[in-house]
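In what follows, chains carry the letters A, B, and so on, assigned in the order in which the sequence lines appear, proteins first and then strands, with residues in each chain numbered from 1. Since we're looking at a predicted model, the values are computed, not measured.
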2 protein chains.
Amino acid sequence: MNIGEAASATGVSAKMIRHYEEIGLIRPAGRTGAGYRVYGPKDLSTLSFVRRARDLGFSIAQIRDLLALWQDRDRASADVKRIASAHVEEMKAKMRLLEEMVQTLEHLSAHCHGDDRPDCPILEQLAGGGSECCA
Amino acid sequence: MNIGEAASATGVSAKMIRHYEEIGLIRPAGRTGAGYRVYGPKDLSTLSFVRRARDLGFSIAQIRDLLALWQDRDRASADVKRIASAHVEEMKAKMRLLEEMVQTLEHLSAHCHGDDRPDCPILEQLAGGGSECCA
DNA sequence: GCTTGACCTTGACATGATGGGAAGGTGCAG
DNA sequence: CTGCACCTTCCCATCATGTCAAGGTCAAGC
């Protein structure tokens, strides 16, 4: 199987497959005499694993660890769970940050006429016009 | 005022001030005879504006527009509100994505023993063991 | 056998916001 | 005058991904 077929079979772009190989996330693929990369069923499983992990937002570093655990039959599930929990906490932290920003902006927007007049609490806030607008 | 003082006064790093100047987000600062950048009160206001906008998660492109509106006395507040609303929607979309990923992972984690045994639904899911685990 | 088109190779560059560091000039205080 | 803190520019790195270019390869059709 060539890289293009592997790409469409796993949903990982050919570009990213080469990239993952280059950074050592996956083992270098076999090569034909002409230098084409060749992929077997095992490689496809690995690539699919990586794609699913990325879909869940894991970082490359985390995926590296998950792959190692996956390939280790003596792994402890606690190790996997720890990585997943850490990732969940990271995502929740990001959500809290986003939520804060959304809250602030929605509050400011609620007091912005949104018409032709130039008066705008959003800009006032950004300009440093104090942290409160009405309360 | 030198760049270092401007940086600590506004919370924008010297590095970023130079960067913002280079990409044309802010006007090139004045220079001393020796080539040092010089900042006045107006420049500090602009930098603070940029920092507050970044704190609210606006992209450089959005900040560029907000800055233009801020400096335009004839602006319509509707324009500002539109940018803010677009940004809020982007953030909410990101939150939904994160929430989905968190849901999935928490669900899988809940069914992972997290002990010394190798059995782990998280890895099974990543390996392509089907999208459901128990329901 | 030769052409053509689809595919492969490597390599470089871009994003976006930020940090780090090197090499060299400047300014001030002692 | 020396030393240190600060400034300058320039290059490189992150992270995941895309795009583009120049060139090699393969298979099919004639």
Under 4.0 Å: is that the gap between some side-chain N or O of [X] and OP1 or OP2 of [N]?
X: A:R64; N: D:dC15; result: no
X: A:Y20; N: D:dT17; result: yes
X: B:R37; N: D:dT9; result: yes
X: B:S13; N: C:dG19; result: yes

Quickly work out the [X] [atom1] to [N] [atom2] distance and round it to whole Å.
X: B:E22; N: C:dA14; atom1: CD; atom2: P; result: 12 Å
X: B:R18; N: C:dG21; atom1: CZ; atom2: P; result: 15 Å
X: B:L25; N: C:dT18; atom1: CG; atom2: P; result: 11 Å
X: A:H19; N: C:dT9; atom1: NE2; atom2: P; result: 16 Å
X: A:I23; N: D:dT14; atom1: CD1; atom2: P; result: 10 Å
X: A:M16; N: D:dG18; atom1: CE; atom2: C1'; result: 10 Å
X: B:R31; N: D:dT8; atom1: CZ; atom2: P; result: 6 Å
X: B:E21; N: D:dT8; atom1: CD; atom2: P; result: 9 Å

May I ask you to say whether B:R82 pairs ionically with B:D79, meaning some side-chain N is under 4.0 Å from a carboxylate O?
-> yes
salt_bridge(A:K15, A:E21) N-O dist < 4.0 Å = no
For B:S59, which contact category applies under a 4.0 Å heavy-atom criterion: base, sugar-phosphate, or nothing?
-> sugar-phosphate
Just compare D:dC10, C:dA17, C:dA12 and give me whichever is closest to any side-chain atom of B:R54.
->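 Nearest to the side chain of B:R54 among the choices is C:dA17.
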Are any of the side-chain heavy atoms of A:W70 and A:L67 separated by less than 4.5 Å?
->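 Yes - at least one pair of side-chain heavy atoms lies under 4.5 Å apart.
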How about A:S109 and B:V88: do any of their side-chain heavy atoms sit closer than 4.5 Å?
-> no
Go through the steps for A:R27 and A:E22 under the test salt bridge (charged side-chain N to carboxylate O under 4.0 Å, His left out), then give the verdict.
-> CA-CA 9 Å; A:R27 256 166 224 294; A:E22 196 187 0; over 6 Å; no
Toward the 5' end of DNA chain C, which comes first, B:K15 or B:I60, by nearest nucleotide?
-> B:I60
